[in-house]
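In what follows, chains carry the letters A, B, and so on, assigned in the order in which the sequence lines appear, proteins first and then strands, with residues in each chain numbered from 1. We use all heavy atoms of the structure for the numbers below, so side chains are in, but hydrogens, waters and symmetry mates are not.
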There are 4 protein chains.
Amino acid sequence: MNAPTKARMRRKADRPGEILEAAFEEFAKHGYAATRLEDVAKRVGVTKGTIYFYFETKERVFDEMIRHVSRPIFDEVTSFVAALEGPFGVRLRALLDFLFRFIAEERVGREVMRFLIAEGARFPDLVERHHREFLVPFLERLREMIAAGIKAGEFRATPALRYPELIFSPALLLNVWWLLFDDRHQIDVKMFIDAQFDLLMDGLSMGGLESEPKRLSAKLPRSGRSKA
Amino acid sequence: MNAPTKARMRRKADRPGEILEAAFEEFAKHGYAATRLEDVAKRVGVTKGTIYFYFETKERVFDEMIRHVSRPIFDEVTSFVAALEGPFGVRLRALLDFLFRFIAEERVGREVMRFLIAEGARFPDLVERHHREFLVPFLERLREMIAAGIKAGEFRATPALRYPELIFSPALLLNVWWLLFDDRHQIDVKMFIDAQFDLLMDGLSMGGLESEPKRLSAKLPRSGRSKA
Amino acid sequence: MNAPTKARMRRKADRPGEILEAAFEEFAKHGYAATRLEDVAKRVGVTKGTIYFYFETKERVFDEMIRHVSRPIFDEVTSFVAALEGPFGVRLRALLDFLFRFIAEERVGREVMRFLIAEGARFPDLVERHHREFLVPFLERLREMIAAGIKAGEFRATPALRYPELIFSPALLLNVWWLLFDDRHQIDVKMFIDAQFDLLMDGLSMGGLESEPKRLSAKLPRSGRSKA
Amino acid sequence: MNAPTKARMRRKADRPGEILEAAFEEFAKHGYAATRLEDVAKRVGVTKGTIYFYFETKERVFDEMIRHVSRPIFDEVTSFVAALEGPFGVRLRALLDFLFRFIAEERVGREVMRFLIAEGARFPDLVERHHREFLVPFLERLREMIAAGIKAGEFRATPALRYPELIFSPALLLNVWWLLFDDRHQIDVKMFIDAQFDLLMDGLSMGGLESEPKRLSAKLPRSGRSKA
DNA sequence: AATGAATGAGGATTCATTCAT
DNA sequence: AATGAATGAATCCTCATTCAT
């Protein structure tokens, strides 16, 4: 780490990117205030000065780090949502799978949530940006899907139409669960999604006495993810 | 203003309590690392030294602050859950109302969640304690209630039985929403709970062709909160 | 200097004053930017932190240091000028003696001038304050004295009445001389003042052929200072 | 703005000179310690590295900058003084005019004085060089002129003969005035010189009762500068 | 109990300087 | 000749912690 010194391994193509990724790790581990830029530098294999060559302040490093790690998510969410097709139940399930993957299972999505919650007061713009560019569009897509499902006669006209957040919330719970317990008290994601989907579709209450009330959901493909 | 300041002379006999409450405010606003014990002291109207008379370190102040503000919640949750009665749908609704109040609407509950998420890495015991003493018992109570509801024929036997967290998750969403947006992008809590309850009970899908599938939920009392 | 450590020699009555005097020495030696507050602290026998206990920033230390060392001069100038009496030639001579003492011979006066010249761009208020509170009143007193001398028939009505700075300028020269050369290329202050006074009174040109044109100045007491 | 920037391609052949002139501006504005070589470079339109190609250290840049801007003054002073002719009163007046121009009115002369005062401790050689090459010769010329004037019967034999600095001092005052106040509290240079000349020639005191004591100075040409 | 003065380790930031290209 | 990337020592400032009173 402090090898023969002098080894200025320069022109490493994407120093800023490397720095931001190292910053992600350090900020995720210690939080904004307790992170030392020196440790970020050490992780990249450069010195403090190098970071200041690329970024004006620690705040700037943090801000750009969030942009850096968020962009791929933003992009993928956008294109995924645009590409949804098929029956609405199927679409919904696909959306849930996707959502869980990005917001709960992927470390970046999880930690971004931690950053927003923990450092939101210091970086209010960041929070607003995520609301505007990520949350609002996503919820709107959800709402449209539900509305279309209702029109198509697949879904009930529920007040949930006003609160697509409700559909979103189990994924958030998993996200927070992970943030809190990491790998202690693990939850089986696949089973959790299945359970949400079942509950979401048919609810808790005994729906009368009919023989085949659960048809629709029963036919749906379960979460395609096999590894979890 | 800094005359013989008699207001300060009250010698509340509860200096430690005062300090912990001031600490709550400061830690909530700035996070652990960025909070200055001096500001906590100033808020109480004493000097830093006084804090060190009662608490050994800053970490200790934080830890005891969490205990201090959590205890009333712990207690109330315990006794509330023990006192639930009546039809299970009604109990569930009551539990939801309660949950929302403590985890989302009350500032203390909200901020404790922020502390756990933001500082969990630094205070792992804290997180474990909340898991053990708050979350697990609460989820267990939820599960028992659902199980009893199923036994009583009121509820379907859903896989949600394994994941009572699902029922808990909208409250968490509201909690996080508040942590992120404070009073920007407000959500109407009463309508939100109603929506959750409706969805939770009857689900999204058109439940076959039966004539009266939604009876139960229709009869349930709506949220008792009148102001929202 | 780094003795047995722990010797917190506290309550030293006038810590702020001590710090400002140490600061004067360090700033005088190195200039504002090149002075290390740590060296100031070392000079007092405390640590950096102590300085920040009393002063918010380095700029503040500098600013207050100037006030601290300037005040006695301001005060003495004010009271001295107010107390002048006697024939105007005598008064003028006394004023010159006084002026030289404060602006040129005394180290503080000299160094304050250096600070104003060297750091004026960074501390414009400082410069304005000295202009307003020191320079303007002093020049005004000078002017009044000359005007009174003219009225009394002792002085010629010269255009110098508009520029009392002219009378002031040799003292400034000595000041700057000292700032530049310290004790190299020394000038004998007493002789210098005598020379100024002679020149000031009677000028360079041969004043006609009269036998006793220089009476007045010839009778004046020479500078009373004997040590220089 | 940062297109192929052709303006920069002029390859002035005098990069060092450009750098030194940029350095003059930056050092004049911020002082030695607070000047960043990077800003000097930016002013020239090159990078820091380029400066280090021509100069070994920052101190070297400063030192050579002073030489660079002083040389023209040195040269002009030398040749001007050598060329003086005519009655001594006229010569004196011409010398004063010249002096004021170089030491007070011209920015370079003024700022060099600031450098000497502010950074003399760090660059003692600089100060000595100016003393030896500029101040001493100039004062010597002044002294010779006065001595010759006395011999010629134009001037009185005053002790000022020992201190030609006295004649120099109003110009210094104007210089310092400018350094301190820039364009605040302006002084009319022409009137100031006239006043000095009047005072210098005939002094303050009522010169006996003679009828025509002021002949000489009255006939002298006033400052040749017409605009002031 | 409480204060106020003091400490000193620690971290953000700056910038003269280096050097491979 | 000139650049751009990198270094690392230096310095300001902060703040948890200590302790005599």
Engineer: Side chain of B:T47 only, please: which of E:dT3, F:dC13, E:dT13 is the nearest?
Structural biologist: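 Nearest to the side chain of B:T47 among the choices is E:dT3.
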Engineer: May I have all residue pairs that pass salt bridge (charged side-chain N to carboxylate O under 4.0 Å, His left out) and include part of residues 44-60 of chain C, sequence neighbours excluded?
Structural biologist: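 Those involving residues 44-60 of chain C are C:E56-C:R60, C:R60-C:E64.
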Engineer: Please identify each residue that fulfils salt bridge (charged side-chain N to carboxylate O under 4.0 Å, His left out) with D:E119, with sequence neighbours left out.
Structural biologist: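 Not a single residue meets the salt bridge (charged side-chain N to carboxylate O under 4.0 Å, His left out) criterion with D:E119.
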Engineer: Distance check needed: E:dA6 P versus C:K42 NZ, whole Å only.
Structural biologist: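 Rounding to the nearest Å, NZ of C:K42 and P of E:dA6 are 18 Å apart.
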Engineer: For B:R114, check salt bridge (charged side-chain N to carboxylate O under 4.0 Å, His left out) against everything at least two apart and list the hits.
Structural biologist: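 B:R114 satisfies salt bridge (charged side-chain N to carboxylate O under 4.0 Å, His left out) with B:E111 once adjacent residues are dropped.
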Engineer: B:A23: what forms a side chain to side chain contact (heavy atoms under 4.5 Å, CB included) with it, not counting sequence neighbours?
Structural biologist: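 Only B:F27, B:V40, B:V61, B:M65 meet the side chain to side chain contact (heavy atoms under 4.5 Å, CB included) criterion with B:A23.
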Engineer: Once pairs are restricted to Watson-Crick or G-U wobble with both distances under 3.5 Å, how does DNA chain E read as a dot-bracket string, [ ] for crossings and | for other-strand pairs?
Structural biologist: .||||||||||||||||||||
Engineer: Tell me whether the OP1 or OP2 atom of F:dA6 has a side-chain N or O from A:R15 closer than 4.0 Å.
Structural biologist: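 It does, given that an N or O in the side chain of A:R15 lies less than 4.0 Å from OP1 or OP2 of F:dA6.
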Engineer: Near DNA chain F, under 4.0 Å by heavy atom, which residues of residues 48-60 of chain C?
Structural biologist: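 Residues of residues 48-60 of chain C under 4.0 Å from DNA chain F: C:K48, C:Y52, C:T57, C:K58.
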Engineer: Who passes side chain to side chain contact (heavy atoms under 4.5 Å, CB included) against D:K29, sequence neighbours left out?
Structural biologist: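 For D:K29 the side chain to side chain contact (heavy atoms under 4.5 Å, CB included) partners, ignoring immediate neighbours, are D:R43.
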Engineer: How would you list, by chain and number, every residue that makes a salt bridge (charged side-chain N to carboxylate O under 4.0 Å, His left out) with A:E25, sequence neighbours excluded?
Structural biologist: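 Listed in chain order: A:R107.
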Engineer: Which residues pass the ring-ring contact (aromatic ring centres under 6.0 Å, His included) test with B:F123, not counting sequence neighbours?
Structural biologist: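 Here the qualifying residues are B:Y32, B:F62.
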Engineer: Less than 4.0 Å between a side-chain N and a carboxylate O, is that true for A:D125 and A:R129?
Structural biologist: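 Between A:D125 and A:R129 there is no salt bridge, as every charged N stays at least 4.0 Å from the carboxylate O atoms.
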